[in-house]
Amino acid sequence: MCGIVGYVGPQQAMPFLIEGLKKLEYRGYDSAGIAIFDGSKINVQKSVGRLNALEQLVEQKPLAGNVGIGHTRWATHGRPSDANSHPHTDCTGKFVVVHNGIIENYMHLKEKLIAKGHVFTSETDTEVVAHLVEEFYDGNFEETVKKVLATIEGSYALVFFTEYEPDKIICTKQDNPLVIGLGDGENYIASDIPAIISRTRKTYILSDGEMAIVTKDSVWVMNRQGVPVSKKIFEVNWDAEAAEKGGYEHFMIKEIYEQPKAIRETSGARLAKDDSGIIFDELKWTKDDVADIKKIAIVACGTAYHAGIVAKYYLEQLARIPVEVDVASEFRYRSPLIDDKTLAVVISQSGETLDTLAALKEAKKLGARTLAITNVVGSSIAREADQVIYTWAGPEIAVASTKAYTTQLISVLMLALYIAGLRGTMPAERMKGFIQGIRQLPSQAHELLEDVEDIKTFAQKYGFNEDVFFIGRSLDYAVALEGALKLKEISYIHAEAYAAGELKHGTLALIIEGVPVIALATQGDVYEKTLSNIKEVKARDAVVIGLAMQGDEEIKKYVDHTIFIPATDKYLAPILAVIPLQLLAYYAAVTRGADVDKPRNLAKSVTVE
């Protein structure tokens, strides 16, 4: 997973390339590089390390020119190094390529090219593409790129540049995102919209199999056979400052505090004004539509998978439809029992998660109706699915997902209520109570964020422990999974979540004196059993932080510390309960001096298998 930028126009290319890469560093940050045509040849500067390493290089030796491309990398083939950094060139240095994705047949192609005399300088799959361009070039850059695309196999966004035709950049995509920004006498290329919104709001979003020839005055889009493709301009309506930190120390804490707004925007227009139900104009399902659904299959990865586990409780208990939840990377390989009576729901913040996209395609192949829940309009998953529910969380920059998760939860809850309304599985008064509860969530989330001093204190006190355990039952267990993931991915503390009833089946062996246990107890129907499990870990001298609803005085008798969330319906509790866990993870990472927004070995959008 990597970030790509490109520029063609009358201005110096370098400022935009560096600026754009900064906005894309969340896609990968182990190395970066740029290539710019100076009027006679292409000059390349690249460096291992964060983007500031490249910035220091170009400050010492600026690259002049009006056409250029850039790249920030997350390693897949070859370790992070100067040599493996992009852009990559051919033997002559006259052809330059940047790439996001994986070339699956690169080793076979590399062996053939080496046999023909090509000399490789990196371990990457991408360098093969540059040498293929050199091998196939016959004086026509466009036709050469088509030959290359007919030769390679895999998933990619690719940008090609040559000093033989230096007034243009050619780009294409397959399974990985690519956007063209339309300027006035200048044009831009980027992996994601945040890289270009400070320069233009008019974009073309490329679809799989399309390629574009980009000059300063024009953009020609075609398929790989050269047939022109008519593209609609997608007007970006994001605030240009939405991708900035806004005075917060990190993007993650900024995005945690944006959750009340994100919840309001995701839910507001979908709640009937008379509180009678849910309105999904993007679905417009009928009773007959949902009557055909005999099973729901939810597929996702990471945080989105945890949202899917919560969704299982919602859909089964409220809509009364059987639900399976799969990790996307496993879905295709278990021969899932999917047919035309199955609704496949895929969840992905970016809409570009490759395993989830592949699972979506598999579900469609097996005959399922497909529904995507994603945060990115025009993303690959959004385009592939039959229908889409957008979460409207706004851009999420921090690698650790926060507001995307809470908006996924509110979306799957509304989906369950929507289906329940059509199936007649919920009394009108119960539905009205749910809608009124959802309306209160933004203010309740805001209330939670007003006083975080106790959470800071817990993080400072226990932030240097190497093991932390989370326990809960029912929906609390689903939220505990996400709390543990947040803690481990940004603070590097070994954190595990367990269904509290499983303690006796092995986990108690890990509970020793002083180990922190975070116990969620918001679910009234299993409350007494959860208290029993809390007593079990306290008997082994664990330090217990209890998370419960305001007004719960009983839990104080059995725990060392408490975190309270505003009282709400048990089905709404996960949306509030996760916020203190996000804060705890954040402040633990800060206490330990970790890089909160860019945790080691991780990247924001996982576009490789």
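Computation of the quantities below employed the complete heavy-atom set of this structure, encompassing side-chain atoms and omitting hydrogens, waters and symmetry-equivalent molecules.
The two atoms that bring A359 and V299 nearest to each other are CB-CG1, 3.5 Å, heavy atoms only. Taking both residues in full, the closest heavy atoms of E396 and S401 are given as OE1-OG, 3.0 Å, listed atom of the first, atom of the second, then distance.
In this structure, the side chain of E255 engages the main chain of I397 through a donor-acceptor pair within 3.5 Å. Within the 3.5 Å criterion, the main-chain N or O of A393 finds a donor-acceptor partner in the side chain of N375. Looking only at distances, a side-chain donor or acceptor of T374 sits under 3.5 Å from a matching main-chain atom of S348. Formation of a donor-acceptor pair under 3.5 Å by the N43 side chain with backbone atoms of L63 is not found in this model. Proximity of a side-chain donor or acceptor of H86 to a complementary backbone N or O of V97 within less than 3.5 Å is not detected.
Between D560 and K461 no salt bridge is recorded (no basic side-chain N to carboxylate O distance below 4.0 Å). Between E513 and K538, none of the side-chain N atoms (NZ, or NE/NH1/NH2) sits under 4.0 Å from a carboxylate O, so this pair counts as no salt bridge. A salt bridge is absent between K22 and E19: the closest approach of a Lys/Arg side-chain nitrogen to an acidic carboxylate oxygen does not fall below 4.0 angstrom.
Here H306 and Y405 keep their ring centres 6.0 angstrom or further from each other.
With hydrogens and angles left out, the side-chain atoms of Q550 and E447 include a donor and acceptor closer than 3.5 Å. With no hydrogens or angles considered, a side-chain donor-acceptor pair links D467 and H494 at under 3.5 Å. In this structure, a donor-acceptor pair under 3.5 Å is absent between the side chains of D326 and Y305. Between the side chains of N533 and R473, at least one donor N or O sits under 3.5 Å from an acceptor N or O. For the residue pair T72 and E25, no side-chain donor N or O sits within less than 3.5 Å of a side-chain acceptor on the partner. A side-chain N or O of T124 and one of S122 form a donor-acceptor pair less than 3.5 Å apart.
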* Starting from the C-alpha separation in whole Å, work towards a yes-or-no answer on side chain to side chain donor-acceptor pair (under 3.5 Å) for Y498 and H505. => CA-CA 11 Å; Y498 296 96; H505 299 279; over 6 Å; no

* Start with the C-alpha gap between T522 and Y527, add the side-chain angles, then the distance that decides, and say whether side-chain contact (heavy atoms from CB on, under 4.5 Å) holds. => CA-CA 7 Å; T522 72; Y527 181 78; over 6 Å; no

* To do: Would you check, one step at a time, whether the test ring-ring contact (aromatic ring centres under 6.0 Å, His included) holds for Y257 with Y248?
  => CA-CA 10 Å; Y257 275 85; Y248 290 94; 5.8 Å; yes

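The salt bridge (Lys or Arg N to Asp or Glu O under 4.0 Å) contacts involving residues 475-495 comprise E482-K486, K486-E489, K488-E496, where partners must be two or more places apart or lie in separate chains.
Partners of K261 under the side chain to side chain donor-acceptor pair (under 3.5 Å) rule, at least two apart in sequence or in another chain, are E265.
Taking a 6.0 Å sphere around NE2 of H446, one finds it holds 12 or fewer heavy atoms contributed by other residues, nucleotides or ligands.
Screening L584, V515, I518 for a side chain to side chain contact (heavy atoms under 4.5 Å, CB included) with V468, the sole residue that qualifies is I518.
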